Protein chains: 2
Amino acid sequence: MEIERCSCTVVHEDVIEKVKNLMPEEERLYDVADLFKVLGDSTRIKIICALFESEMCVCDIAALLNMSQSAVSHQLRVLKAARLVKFRKEGKVVYYSLDDEHVKMIFDLGLSHIGEE
Amino acid sequence: MEIERCSCTVVHEDVIEKVKNLMPEEERLYDVADLFKVLGDSTRIKIICALFESEMCVCDIAALLNMSQSAVSHQLRVLKAARLVKFRKEGKVVYYSLDDEHVKMIFDLGLSHIGEE
DNA sequence: CTCTTATATGAATATATGTTCATATGTTCA
DNA sequence: TGAACATATGAACATATATTCATATAAGAG
């Protein structure tokens with residue numbers, strides 16, 4: 001499905017050309033958006049935020065957030081797919097922890113942004 | 001609607017209590033998630049990424065992204081609500097630019113995360 | 001082996017959200 | 001004033017997604 005071009009006449013062709021050349025590859029932009037999409041859910045943000053402090057098993061997270069085990073497990077799957085968390089098994093229990101150095105910084109910058117009232 | 005607590009017995013009460021005390025207020029977590037939700041859309045990421053390079057009018061952005069003026073305008077509204085972009089009017093034309101120092105850093109950290117293959 | 005328990009997962013459902021379409025608003029220019 | 005145009009916006013629609021429910025998997029205990 002091809003979308004036709006905006007019909008405006010004030011298009012600044014030079015600016016568009018310049019910006020087009022400077023922007024990252026489209027695929028990378030999709031990947032970045034997907035990363036933020038993962039961070040853009042309150043349940044997942046809570047999980048990440050909890051894991052800043054300590055590794056936790058699924059049950060602990062469910063209890064902490066007052067959510068069902070299933071819901072937590074589904075979200076951990078998403079976080080795992082985004083390579084944001086890792087896990088280790090100890091018998092039946094699975095302990096999750098953060099798998100990234102950037103997330104804490106990203107989170108803190110996010111807090112900074114909303115903090116400046 | 002109250003969700004009942006996870007029935008697991010291996011809950012590490014001490015860990016949960018500790019983490020609960022260390023976590024930011026719930027409202028702030030919702031706000032952070034909302035911020036990342038705004039960043040978690042490829043159209044909006046593209047707009048932000050374009051504005052890193054230059055201020056642009058709505059028509060320019062629409063032409064650059066090959067999207068309808070309406071769709072771009074709707075997304076600019078979301079970005080504006082999140083205080084990520086600002087605008088200045090010059091006659092009929094509205095020029096948008098970034099309204100935050102953190103976004104560039106957040107974006108770059110996001111790129112770093114997906115970059116480490 | 002069988003029961004219990006911790007976790008994972010598939011399907012269904014309800015809700016959120018991005019784009020389109022039609023139209024409104026506001027500005028310039030004749 | 002009226003036409004042309006850049007932008008904004010509301011409603012509708014289609015799609016994405018988070019949670020629930022039921023159930024599967026896997027590991028330890030008896």
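The chains referred to below are lettered A, B, ... by the order of the sequence lines, with proteins before strands, and numbering in each begins at 1. Please read these numbers as outputs of a predicted model, since none were measured by experiment.
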task: Output yes when Asp14(B) and Lys18(B) qualify as a salt bridge under the 4.0 Å nitrogen-oxygen rule, no when they do not.
output: no
field: Spacing of Ile61(A) atom CD1 relative to dA6(C) atom C1', expressed in whole Å
entry: 13 Å
- request: Select from Lys92(A) and Val78(A) the residue whose nearest nucleotide in DNA chain D is closer to the 5' end of that strand.
  value: Val78(A)
- prompt: Across all strands shown, which nucleotide pairs with dC29(C) by Watson-Crick or G-U wobble geometry, both distances under 3.5 Å?
  reply: dG2(D)
- prompt: Between dT7(C) atom P and Glu90(A) atom CD, what is the distance in whole Å?
  reply: 11 Å
- line: Side-chain atoms of Cys57(A) come closest, of dT19(C), dT7(C), dT28(C), to dT7(C)
Between dT19(C) (C1') and Asp41(B) (CG): distance, integer Å: 10 Å
message: I'd like to know if the side chain of Lys86(A) reaches the main chain of Tyr96(A), judged simply by a donor and an acceptor atom lying under 3.5 Å from each other, with no hydrogens or angles considered.
response: no
message: Could you check whether any side-chain N or O of Arg88(B) sits under 3.5 Å from a backbone N or O of Ser97(B), counting only pairs where one atom can act as donor and the other as acceptor?
response: no
task: Return the nucleotide paired to dA14(C): Watson-Crick means purine N1 to pyrimidine N3 with N6-O4 or O6-N4, wobble means G-U with N1-O2 and O6-N3, both under 3.5 Å.
output: dT17(D)
- prompt: Within less than 4.0 Å of OP1 or OP2 of dT9(C), is there a side-chain N or O belonging to Arg77(A)?
  reply: yes
- request: Classify the side chain of His74(B) versus the base of dT20(C) as yes if they form a donor-acceptor pair under 3.5 Å and no if they do not.
  value: yes
field: N/O (side chain, Thr43(B)) to phosphate O (OP1/OP2, dG18(C)) under 4.0 Å
entry: no
message: Could you tell me how far apart Asp60(A) (CG) and dT5(C) (P) are, to the nearest whole angstrom?
response: 17 Å
field: Protein-nucleotide distance (Leu79(A), atom CG; dA8(C), atom C1'), rounded to Å
entry: 15 Å
message: Under 4.0 Å, heavy atoms only, any strand: does Tyr95(B) hit a base, just the sugar-phosphate, or nothing?
response: nothing
Among dT5(C), dA8(C), dT7(D), the nucleotide that comes nearest once only the side chain of Tyr96(A) is considered: dA8(C)
field: Any N/O donor-acceptor pair, Ser70(A) side-chain to dC21(D) base, under 3.5 Å
entry: yes
field: Interatomic distance, Met56(B) CE vs dA6(D) C1' [rounded to whole Å]
entry: 15 Å
query: Would you say Arg44(A) reaches dA18(D)'s phosphate, i.e. side-chain N/O to OP1/OP2 under 4.0 Å?
result: yes
message: From CG of Asp34(B) over to C1' of dA18(D), roughly how many Å is that when rounded to an integer?
response: 15 Å
query: Taking only side-chain nitrogens and oxygens of Ser68(A), does any of them come within less than 4.0 Å of OP1 or OP2 of dT19(D)?
result: no
- prompt: For Leu39(B) and Leu39(A), what are the C-alpha separation, side-chain angles and deciding distance, and is it a side chain to side chain contact (heavy atoms under 4.5 Å, CB included)?
  reply: CA-CA 9 Å; Leu39(B) 299 176; Leu39(A) 299 176; over 6 Å; no
side-chain N/O Gln75(B) vs dT19(C) OP1/OP2, d < 4.0 Å: yes
- request: Write down the atom of Arg83(A), the atom of His113(B), and the distance for their closest heavy-atom approach.
  value: NH2-O, 3.2 Å
task: Measure distances between side-chain N and O atoms of Gln69(A) and base N and O atoms of dA8(C), and say whether any donor-acceptor pair falls under 3.5 Å.
output: yes
field: Lys37(A) side chain, from C-beta outward: closest of dT9(C), dT17(D), dT19(C)
entry: dT17(D)
statement: Winner on side-chain proximity to Ala71(B), out of dT7(D), dT20(C), dA6(D), is dT20(C)
Nearest-0.5 Å distance that lies between atom CD1 in Ile114(A) and atom NE2 in His102(B): 11.0 Å
- prompt: In whole angstroms, how far is the P atom of dA8(D) from the CG atom of Leu76(B)?
  reply: 7 Å
